[in-house]
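One structure below.
This one's a predicted model, so the numbers in the text were calculated from it and none came from an experiment.
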Amino acid sequence: MSEKTETRSPAPRPPEPATGRLRVLAPPVTGQEFVLLGVIAVVWVLLGLATPAFVSAGSIQPLLGAVAPIALIGIGMTVVIITGGIDVSVGAMIAVCSVIVAKLVLVQAGLGLLVALLIAIVVGGLLGLGNGALIAYGRVHAIIITFGTANIFLWISLRLFNSTTVNNIPDTLASLGNGAAGRTVGVPNSFLVTILLAAVAWVYLRHTAGGRHFYAVGGDPLAAELAGVRVRQRVLVAYVLTGLLTGLASCVVVAQGSNLGQNVGNGKELAVIAAVVIGGTSITGGRGSVLGTVLGALLVQTVASGVTQLGWRSELSDLFVGVAIIIAVGADLIRQRARKR
Amino acid sequence: MTAATTQPEVSGPGDDVPGPAAPDHAESVLARVVRALLTQRIVLLAVLVVVVVVYFFLLGQNDYLTADYDFDYMSAALINAVPLAMLGFAELFVILSGRGGIDLSVGAIVSLAGMVFGFGYGQWGWPLGLAILVTAVVGGVLGLLNGILVAYIGFPALIATLATYYAYKSLAVVINNQRPISTRPIQDLYESTARSVQLPVIGEYVPDVPKGIFLFLLPTIVVVWLLLARTTYGRRVYAIGTNDVAARWSAIDVRLTRAAAYALSGVISGLVAVVTVGQFASARPDAGVSGNGMALPAITIAVLGGVAITGGIGRVSGIVLATVLIVWMNAGIRLAFEGNAGPQNQLLALGLLLVFAALLNGFATRRYGGAG
């Protein structure tokens with residue numbers, strides 16, 4: 001083998017390793033994320049000009065608070081989608097975790113914040129473990145299984161709700177809520193936690209072997225398996241992670257209101273997926289970043305908040321979300337096609 | 001082993017030989033039954049339908065249900081099968097067409113097309129036939145937009161239909177300021193499309209059947225079956241779903257065929273819009289997206305009916321049987337529990353069925369190589 005190459009190609013040896021170092025990592029901030037940042041900035045400026053109330057603290061703070069649960073779950077969903085999967089059960093998961101937390105703090109008035117958080121996160125993790133185990137070891141299509149488990153989770157939550165809303169939830173979780181207790185130097189704590197966890201996830205996905213393995217699994221599971229990646233374990237971890245984060249996000253949801261309706265979490269799975277794909281994560285797996293997801297969630301929430309503040313029908317924001325998805329993904333498709341040429 | 005077992009069969013298959021032949025024969029039949037159950041979704045579904053019906057019938061006989069689970073009740077429950085099965089067909093086309101085909105927007109199309117129908121028939125006084133035609137065309141155009149995004153521009157189906165789900169849902173609400181349309185003609189529509197009627201000739205011996213079955217469901221079943229099983233277009237859909245590169249090499253216009261599948265899904269959703277307007281006696285802006293929406297049950301029906309999510313595999317009969325199974329199961333559950341527990345337990349049953357069906361698909365593929 002080595003003889004052959006020696007004899008056959010002596011002269012024109014391409015200087016591959018010297019100049020063209022193959023780029024494994026995407027740039028820290030990708031083109032799409034720059035564009036998103038720009039779009040968000042433009043929308044903020046325009047909204048600020050149209051309705052000056054938009055740029056006041058009283059408007060920005062609830063906006064960031066509303067971004068938090070979507071972006072938190074989005075971190076997990078990004079990882080899931082990077083592995084080539086999807087989780088449409090997070091909406092129902094929110095319902096389960098939040099009703100458990102709400103009832104718990106209602107019954108156990110003396111319960112500490114950390115205990116409540118811990119319970120929600122553990123419950124979410126268990127639900128995610130169910131999804132992950134079925135998908136990784138049952139070897140079935142993620143969207144089908146999570147459609148199924150979504151129904152089961154919804155059933156659990158409705159049984160726990162017992163046909164009534166949970167009212168007068170005490171302020172055990174106030175430090176994650178919308179009140180003054182939920183802010184540090186004017187920024188909602190829930191948003192700070194989101195940023196912190198997103199930063200951790202960003203580093204983990206970019207700069208550790210475990211994080212890169214998610215990309216490997218999404219790019220080509222067979223090749224990843226042959227390269228020694230424990231594919232099933234990575235897939236399992238992705239769904240458990242989503243579950244854990246959904247548990248945390250549920251606490252934010254509970255903290256933001258004093259009542260909890262049975263329809264909590266309804267449609268949130270699609271909002272999360274929308275944020276992830278607007279952020280530039282490829283639904284076919286192998287590509288994506290947490291930063292994009294946070295920006296995507298921010299854009300979606302900005303649009304929703306802007307539409308109401310302009311006095312338009314709030315349902316109109318869904319139209320803009322749909323258009324945003326088309327533009328974001330469409331631009332990515334066109335760029336990919338251009339790169340192939 | 002084989003020599004010993006073949007011998008008695010040779011000596012006389014007609015004889016009543018209880019010895020070694022009987023267990024071997026029984027085992028092979030059992031193995032065949034298991035194989036049929038696992039690989040032929042139709043067989044499994046038929047068995048499940050029988051099990052469900054017998055189970056609830058027995059419960060009803062022994063007074064465990066709040067009302068009798070009899071043929072009249074089962075027949076009346078079939079009204080729920082009309083939109084469910086039709087949307088199942090909508091998903092069938094799209095999922096069959098492959099490349100991760102799925103349509104999340106069917107419910108939103110039902111809402112938006114239903115509002116169009118409400119305007120046309122309910123407010124502007126169009127004749128019924130024209131209104132239905134326009135509604136189906138509107139549904140088709142909305143579906144075609146999905147098709148263009150997916151087939152021509154190359155969007156992943158999940159993303160394209162997620163985006164249009166949001167857009168259509170929003171438009172349906174905004175178009176009439178969130179108000180439903182329930183004028184006189186729309187209210188009368190319930191009488192003419194959804195009510196149960198006695199069948200001619202044999203009507204005295206069989207229970208009354210909801211009109212929607214004959215007006216919408218049966219024609220759709222026949223047309224969809226003809227289209228998929230007896231036309232070139234149908235074979236092309238299977239071809240592109242199985243292997244779209246091979247299909248392109250056999251001179252099939254893959255993009256057109258796939259876009260048409262999404263357009264057909266839209267047309268069917270448009271017809272479902274008419275059905276739902278009739279059923280509710282009102283054109284509701286959230287008809288197809290309220291609660292869990294209509295897309296989820298439709299996809300569930302398709303998967304349960306044996307449609308492979310990877311495309312190219314799936315049959316009309318599977319959709320029909322899966323719908324009947326779910327409708328009659330839900331009808332039974334509604335009688336078995338009082339209050340809200342009924343609808344809630346329907347969710348559990350649906351979820352378990354779906355997980356079970358998906359796991360079974362995976363298992364059957366590994367065991368027998370390819371699920372039917």
Side-chain angles (χ1 to χ4, degrees), chain A residues 86 88-89 91-92 130 134-135 138-159 161-163 262-263 266-267 270-271 273-274 277-278 282-284 300 312-330 333-334 336-337, chain B residues 100 102 104-105 108 149 153-160 162-174 177-178 285-286 289 291-293 295-297 299-300 303 308-310 339-341 343-363 365-366:
Chain A
I86 196 155
V88 292
S89 70
L134 283 169
I135 292 161
R139 279 184 282 178
V140 282
H141 223 275
I143 191 166
I144 303 297
I145 279 296
T146 51
F147 267 140
T149 52
N151 279 316
I152 298 171
F153 297 163
L154 210 55
W155 173 76
I156 298 176
S157 78
L158 289 174
R159 298 304 293 175
F161 267 113
N162 204 6
S163 302
Q262 294 185 55
N263 61 352
N266 208 335
L270 296 182
I273 295 170
V277 297
I278 289 176
S282 162
I283 199 83
T284 46
V300 169
W312 297 348
R313 293 205 66 86
S314 61
E315 289 85 3
L316 210 56
S317 69
D318 282 343
L319 180 62
F320 294 119
V321 171
V323 173
I325 296 174
I326 300 269
I327 293 176
V329 179
L333 283 172
I334 290 166
Q336 267 180 315
R337 211 168 288 173
Chain B
I102 200 159
L104 297 179
S105 71
L149 287 174
I153 308 185
F155 277 77
L158 190 73
I159 303 298
L162 174 68
T164 53
Y165 159 82
Y166 273 116
Y168 299 163
K169 179 176 90 158
S170 161
L171 287 176
V173 172
V174 174
N177 271 324
Q178 212 172 7
D286 63 344
V289 294
N292 244 344
L296 253 162
I299 296 166
T300 307
V303 171
I309 199 79
T310 44
N340 284 330
Q344 288 171 8
N345 288 335
Q346 289 174 359
L347 289 175
L348 177 67
L350 193 69
L352 289 177
L353 257 180
L354 192 55
V355 171
F356 165 73
L359 286 176
L360 198 65
N361 271 3
F363 176 73
T365 314
R366 284 198 293 281

Contact class of Ile102(B) relative to chain A, heavy atoms under 4.5 angstrom:
side chain

Heavy-atom distance under 4.5 Å to chain B: side chain of Ile156(A), backbone, both or neither?
neither

Can you list the steps and then say if Val174(B) with Trp312(A) is a side-chain contact (heavy atoms from CB on, under 4.5 Å)?
CA-CA 10 Å; Val174(B) 174; Trp312(A) 297 348; over 6 Å; no

Which atoms of Ile144(A) approach chain B - backbone, side chain, both or neither, heavy atom under 4.5 Å
both

In Å and rounded to the nearest 0.5 Å, what is the CG to CZ distance from Leu354(B) to Phe147(A)?
8.5 Å

Heavy-atom contact with chain A under 4.5 Å, split by part of Leu359(B):
both

So, the part of Ala328(A) with a heavy atom under 4.5 Å from chain B: the answer is neither

Quick check on Phe356(B) against chain A: is it the side chain, the backbone, both or neither that has a heavy atom closer than 4.5 Å?
neither

Any side-chain to backbone donor/acceptor pair from Arg337(A) onto Ile153(B)? Under 3.5 Å, distance only.
yes

So which residue, Val277(A), Val321(A), Leu316(A), ends up with the most heavy-atom pairs under 4.5 Å with chain B?
Leu316(A)

When rounded to the nearest 0.5 Å, the distance separating CG of Leu350(B) from CG of Asn151(A) is 4.5 Å

Between OG1 of Thr164(B) and CG of Leu319(A), what distance do you get to the nearest 0.5 Å?
11.5 Å

Approximate separation, where rounding is to 0.5 Å, of Leu154(A) CG and Gln346(B) CD:
12.5 Å

Measuring heavy-atom distances to chain A, does Leu158(B) have an atom under 4.5 Å in its side chain, in its backbone, in both, or in neither?
side chain

Contact origin within Val355(B) toward chain A - heavy atom pairs under 4.5 Å:
both

Let's test your reading of the structure: which of Val140(A), Val88(A), Leu270(A) forms the most heavy-atom pairs below 4.5 Å with chain B?
Leu270(A)

Heavy atoms only, distances under 4.5 angstrom: which of Ser317(A), Gly330(A), Gly148(A) has the most pairs with chain B? Name it, please.
Gly148(A)

Gap separating the CG atom of Leu162(B) from the CD1 atom of Ile273(A), nearest 0.5 angstrom:
6.5 Å

Calculate, to the nearest 0.5 Å, the distance between atoms CG and CG belonging to Asn345(B) and Leu158(A) respectively.
10.0 Å

What is the minimum heavy-atom distance between Asp318(A) and Ser170(B), and which atoms define it?
CB-CB, 3.6 Å

Max heavy-atom pair count under 4.5 Å with chain B, selected residue of Ile334(A), Ile326(A), Ile145(A)
Ile326(A)

Chain A heavy atoms under 4.5 Å from Leu348(B): which part of the residue, side chain, backbone, both or neither?
both

Apply the side chain to side chain contact (heavy atoms under 4.5 Å, CB included) test between Ile159(B) and each candidate in Ile278(A), Thr284(A), Ile325(A); give the one that qualifies.
Ile325(A)

Please state whether the side chain, the backbone, both or neither of Ala357(B) comes within less than 4.5 Å of a heavy atom of chain A.
neither

